[in-house]
Amino acid sequence: MHDLYIKLATSDHRLEHKSSIKAFLIRAAVNLGFDRMRRAAFETRLFAQLDRSAEAIAIQQHAPGQNLDLRKRLAALREAIQALPPTCRRVFIAHRVGQIPREDIAAAMGITRGSVDRHLRHAVLHCLEKMDQFD
């Protein structure tokens, strides 16, 4: 409801010429709910892939040859993270390493939750791409 209010408060012309404001508001709330559900499902799939990769690395036995490969993989991941734009890198590290909730990151950095989500998606996709190139 808050998101719907913000959208309408910033563009009040959307209510002009509506025959049933109640029907419009119900439909708009339902659509926003679907959008949020789709975004959550996408983020779950995206972050699950990164989590599986991290778990696979942690589970591997550390034979001498594998330990060297692990160091190379970590170096490649470190380079990928360093190559991110500064704001994107800070958001990614705060959330993935610091385990800080997205809402808290948004408040601390003075950006919206949507911006935090976009930075996280960009960072994860960038890191996955670099790790695919490494492999």
Side-chain angles (χ1 to χ4, degrees):
M1 293 307 294
H2 179 263
D3 292 345
L4 178 58
Y5 175 79
I6 296 297
K7 284 184 183 276
L8 293 175
T10 57
S11 58
D12 55 352
H13 67 278
R14 289 183 180 194
L15 294 177
E16 294 176 6
H17 309 295
K18 299 294 182 202
S19 58
S20 173
I21 292 178
K22 181 180 178 182
F24 173 79
L25 292 174
I26 290 171
R27 191 65 182 141
V30 167
N31 288 343
L32 283 172
F34 283 133
D35 289 346
R36 183 169 281 189
M37 186 176 66
R38 277 189 223 110
R39 183 179 70 211
F42 171 75
E43 289 172 357
T44 299
R45 287 191 312 270
L46 186 64
F47 293 129
Q49 183 178 359
L50 185 62
D51 290 339
R52 283 191 303 272
S53 297
E55 286 174 15
I57 290 171
I59 291 173
Q60 288 179 345
Q61 293 181 351
H62 296 290
Q66 289 175 334
N67 197 18
L68 181 60
D69 183 52
L70 180 60
R71 285 188 186 138
K72 288 180 181 178
R73 289 181 61 80
L74 288 174
L77 181 58
R78 187 177 299 117
E79 287 177 23
I81 292 170
Q82 289 299 323
L84 291 168
T87 303
C88 187
R89 183 174 54 243
R90 285 190 357 213
V91 168
F92 178 77
I93 291 171
H95 183 68
R96 299 300 290 180
V97 177
Q99 300 295 311
I100 299 172
R102 294 178 183 132
E103 293 81 10
D104 294 349
I105 295 170
M109 295 182 72
I111 58 178
T112 65
R113 162 75 194 268
S115 293
V116 170
D117 291 341
R118 280 189 294 281
H119 285 303
L120 286 172
R121 277 193 293 275
H122 173 74
V124 170
L125 290 172
H126 173 77
C127 289
L128 287 173
E129 179 182 311
K130 294 299 181 184
M131 295 312 292
D132 282 346
Q133 290 174 0
F134 176 80
D135 291 335

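Just so it is clear, the structure is predicted and the values come from calculations on it, not from any experiment. Values below: all heavy atoms of this structure, side chains included; hydrogens, waters and symmetry mates excluded.
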If I take atom CZ from residue R102 and atom CD1 from residue I111, how far apart are they, to the nearest 0.5 angstrom? 12.0 Å

What's the separation between atom OG1 in T87 and atom NE2 in H122, rounded to the nearest 0.5 Å? 11.0 Å

Using side chain to side chain donor-acceptor pair (under 3.5 Å) as the criterion, list what pairs up with T112, not counting sequence neighbours. S115

Would you say that I105 contacts R90 through its side chain, given a criterion of any heavy-atom pair below 4.5 Å between the two side chains? no

Mind checking whether F34 and L25 sit in one hydrophobic cluster, side chains of I, L, V, M, F, W, Y counted as touching below 4.5 Å? no

Please list, chain by chain and in numerical order, all residues satisfying side chain to side chain contact (heavy atoms under 4.5 Å, CB included) with A76, sequence neighbours excluded. M131, F134

So how far is it from C127 SG to L77 CG, rounded to the nearest 0.5 Å? 5.5 Å

Under a 4.5 Å cut-off applied to non-hydrogen side-chain atoms, are F92 and V124 in contact? yes

I'd like to know if the side chain of H95 and the backbone of I100 have a donor-acceptor N/O pair within less than 3.5 Å. yes

Could you tell me whether the side chain of H126 reaches within less than 4.5 Å of the side chain of E129, counting heavy atoms only? no

To the closest 0.5 Å, what do you measure between NZ (K130) and CD1 (I81)? 13.0 Å

Salt bridge (charged side-chain N to carboxylate O under 4.0 Å, His left out) pairs touching residues 75-89, sequence neighbours excluded, are none

Salt bridge (Lys or Arg N to Asp or Glu O under 4.0 Å) filter on R113, not counting sequence neighbours, yields E103, D117

Within one Ile-Leu-Val-Met-Phe-Trp-Tyr cluster: V30 and M37, side-chain cutoff 4.5 Å: yes

Under the side chain to side chain donor-acceptor pair (under 3.5 Å) test, residues paired with D35 that sit two or more places apart: R38

